[in-house]
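Some notes on the structure that comes next.
Chain letters run A, B, ... following the sequence lines, proteins first and then strands; every chain starts at 1. In what follows, every heavy atom counts, from backbone to side chain, and hydrogens, waters and symmetry copies are set aside.
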Protein chains: 2
Amino acid sequence: MTRQRALILNIMRENPGHLTADEIYALAREQMPGIARGTVYRNLKLMEQDREIAKLEMPEGPDRFDKTSAPHGHLYCDGCGSLQDIPVIGLVRDIEAVIGTEVRSYQLTIHYLCPACRSKLSQ
Amino acid sequence: MTRQRALILNIMRENPGHLTADEIYALAREQMPGIARGTVYRNLKLMEQDREIAKLEMPEGPDRFDKTSAPHGHLYCDGCGSLQDIPVIGLVRDIEAVIGTEVRSYQLTIHYLCPACRSKLSQ
DNA sequence: CTAAATGCAAACTATTTGCAACGAT
DNA sequence: ATCGTTGCAAATAGTTTGCATTTAG
């Protein structure tokens, strides 16, 4: 556990949202100006492999990262790209019943139009 | 509808799997050697916007493309990266009940270990 | 002490884009 | 004829990597 890794973890804990690697890098530099972008990417990858965090592949733009807590899905607006958590119940259980083995994790992205984008379209 | 676009569509129809843009490009060149990589990418993006096909963001490597038929999920093996379709029932209905608006599409990737990778680990 | 992690910069992969020429309608 | 689409090549975005140096355990 290096200082760099602790800092990255801390930033993710304090930050509610879904940060990209570069956003985490920028926040990290505020507290540790010498930290390298590569270090951030390397640590995020390691933490993902340890399943301390989850990588969210986005329809547009860079990946985002989520500290893994309760499994949940994401609502993605095709209009503006906004992202929100959404609870999902029973999915893992159902899938495990079908495949007969453990689900290690899942990524669910629901594409929809958020209220703001919907009202823009109807104008 | 250009010859190029028709060819790309046809390759996707004939090909059962989950091709990457470059795999489609390679197959397209067999029948139309002059086709440009950019043309393949452009058409795939347009077809995705028209929702004729779906883009699958992969945990590793390039995106893959799926001709959209019945909505379904994907089983991704964290060991070897293999990808398989899996039926999903009731998910869209459940989500729409929660969010109160239409689900345009979704992407569900279940991470697991396929039988082959599981038996390698236990050795 | 030593194995693992860092900083730096260069390399790489996947994808996008500007532009002149071409082709579908 | 016109406007969207192509081929080409260069550009970009995001991420990874090699290597000498530093740091944690």
Side-chain angles (χ1 to χ4, degrees), chain A residues 1-12 15 17-66 74 76 78 80-81 83 107 109, chain B residues 1-12 15 17-50 52-66 74 76 78 81 83 107 109:
Chain A
M1 174 62 72
T2 59
R3 289 182 308 127
Q4 289 82 347
R5 181 147 180 186
L7 174 56
I8 292 166
L9 255 173
N10 201 42
I11 285 168
M12 297 201 66
N15 228 299
H18 304 96
L19 298 171
T20 65
D22 260 24
E23 286 165 354
I24 293 168
Y25 171 58
L27 290 169
R29 278 175 66 124
E30 290 176 10
Q31 293 184 242
M32 189 188 289
I35 195 172
R37 178 181 265 111
T39 299
V40 172
Y41 276 93
R42 266 187 293 236
N43 275 296
L44 289 172
K45 180 167 260 198
L46 287 171
M47 289 156 71
E48 193 216 344
Q49 282 164 1
D50 296 347
R51 294 196 273 167
E52 296 173 60
I53 62 173
K55 180 172 71 171
L56 307 179
E57 303 275 344
M58 301 298 294
E60 301 260 68
D63 295 343
R64 298 185 166 276
F65 292 87
D66 222 358
H74 292 97
Y76 175 81
D78 282 331
C80 63
L83 194 69
Q107 193 190 332
T109 307
Chain B
M1 174 62 72
T2 60
R3 289 182 309 127
Q4 289 82 347
R5 181 149 182 185
L7 174 56
I8 292 166
L9 256 173
N10 201 41
I11 285 169
M12 297 201 65
N15 228 298
H18 305 95
L19 298 171
T20 65
D22 259 24
E23 286 166 354
I24 294 168
Y25 171 58
L27 289 168
R29 277 175 66 122
E30 289 176 10
Q31 292 183 245
M32 189 187 290
I35 196 172
R37 178 180 266 109
T39 300
V40 172
Y41 276 94
R42 268 187 292 236
N43 275 297
L44 289 172
K45 179 166 259 194
L46 288 171
M47 288 156 72
E48 193 216 343
Q49 282 164 2
D50 296 347
E52 296 172 61
I53 63 173
K55 180 172 69 171
L56 308 179
E57 304 276 344
M58 301 299 293
E60 301 260 68
D63 295 343
R64 299 185 166 276
F65 292 87
D66 221 359
H74 293 97
Y76 174 81
D78 282 331
L83 195 68
Q107 192 190 333
T109 308

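- Taking 4.0 angstrom as the limit, A:Gln4 places a side-chain polar atom (N or O) nearer than this to OP1 or OP2 of C:dG7.
- Between the side chains of B:Tyr25 and B:Arg29, a donor-acceptor pair is found at a separation under 3.5 Å.
- Checking C:dT15, D:dT15, D:dG7 against the side-chain heavy atoms of A:Arg37 singles out D:dT15 as nearest.
- Atom OH of B:Tyr25 and atom C1' of C:dA14 are 14 Å apart (whole Å).
- One cannot find a donor-acceptor pair under 3.5 Å joining the base of D:dG4 and the side-chain atoms of B:Arg42.
- Between A:Thr2 and D:dA24 there is no side-chain polar atom (N or O) within less than 4.0 angstrom of OP1 or OP2.
- No donor-acceptor distance shorter than 3.5 angstrom exists from the side chain of B:Arg64 to the backbone of B:Leu56, with no hydrogens or angles considered.
- With rounding to whole Å, A:Met1 atom CE is found 15 Å from C:dT6 atom C1'.
- When rounded to the nearest whole Å, the span between CZ of B:Arg5 and P of C:dG23 equals 18 Å.
- Distance CD (B:Gln49) to P (D:dT5): 11 Å, rounded to an integer number of Å.
- Summarising the local packing, CD of B:Gln49 is surrounded by more than 12 heavy atoms from other residues, nucleotides or ligands at distances under 6.0 Å.
- With DNA chain C read from its 5' end, the first of the two nearest nucleotides for A:Ile35 and B:Asp63 is the one closest to A:Ile35.
- Rounded to whole angstrom, the span from the CZ atom of A:Arg29 across to the P atom of C:dG7 amounts to 11 Å.
- Listed here is the closest heavy atom pair of A:Ile8 and A:Ile24: CG2-CG2, 4.1 Å.
- Under a 3.5 Å cut-off, the side chain of B:Asn10 and the backbone N or O of B:Ala6 do not form any donor-acceptor pair.
- Here C:dT15 presents its P atom at 11 Å from CD of B:Glu23, a figure rounded to the nearest Å.
- Within the structure, a side-chain polar atom (N or O) of B:Thr39 is placed less than 4.0 Å from OP1 or OP2 of D:dG7.
- With rounding to whole Å, B:Glu60 atom CD is found 14 Å from C:dA14 atom C1'.
- Separating the CZ atom of A:Arg64 from the P atom of D:dG14 is a distance of 10 Å, rounded to the nearest angstrom.
- Taking side-chain N and O atoms only, B:Lys45 has a distance below 4.0 Å to OP1 or OP2 of C:dT16.
- Distances shown here put every side-chain N or O of B:Tyr41 at or beyond 4.0 Å from the OP1 or OP2 atom of C:dT16.
- In this structure, A:Asp22 reaches neither bases nor backbone, as no heavy-atom distance under 4.0 Å exists between it and the strands shown.
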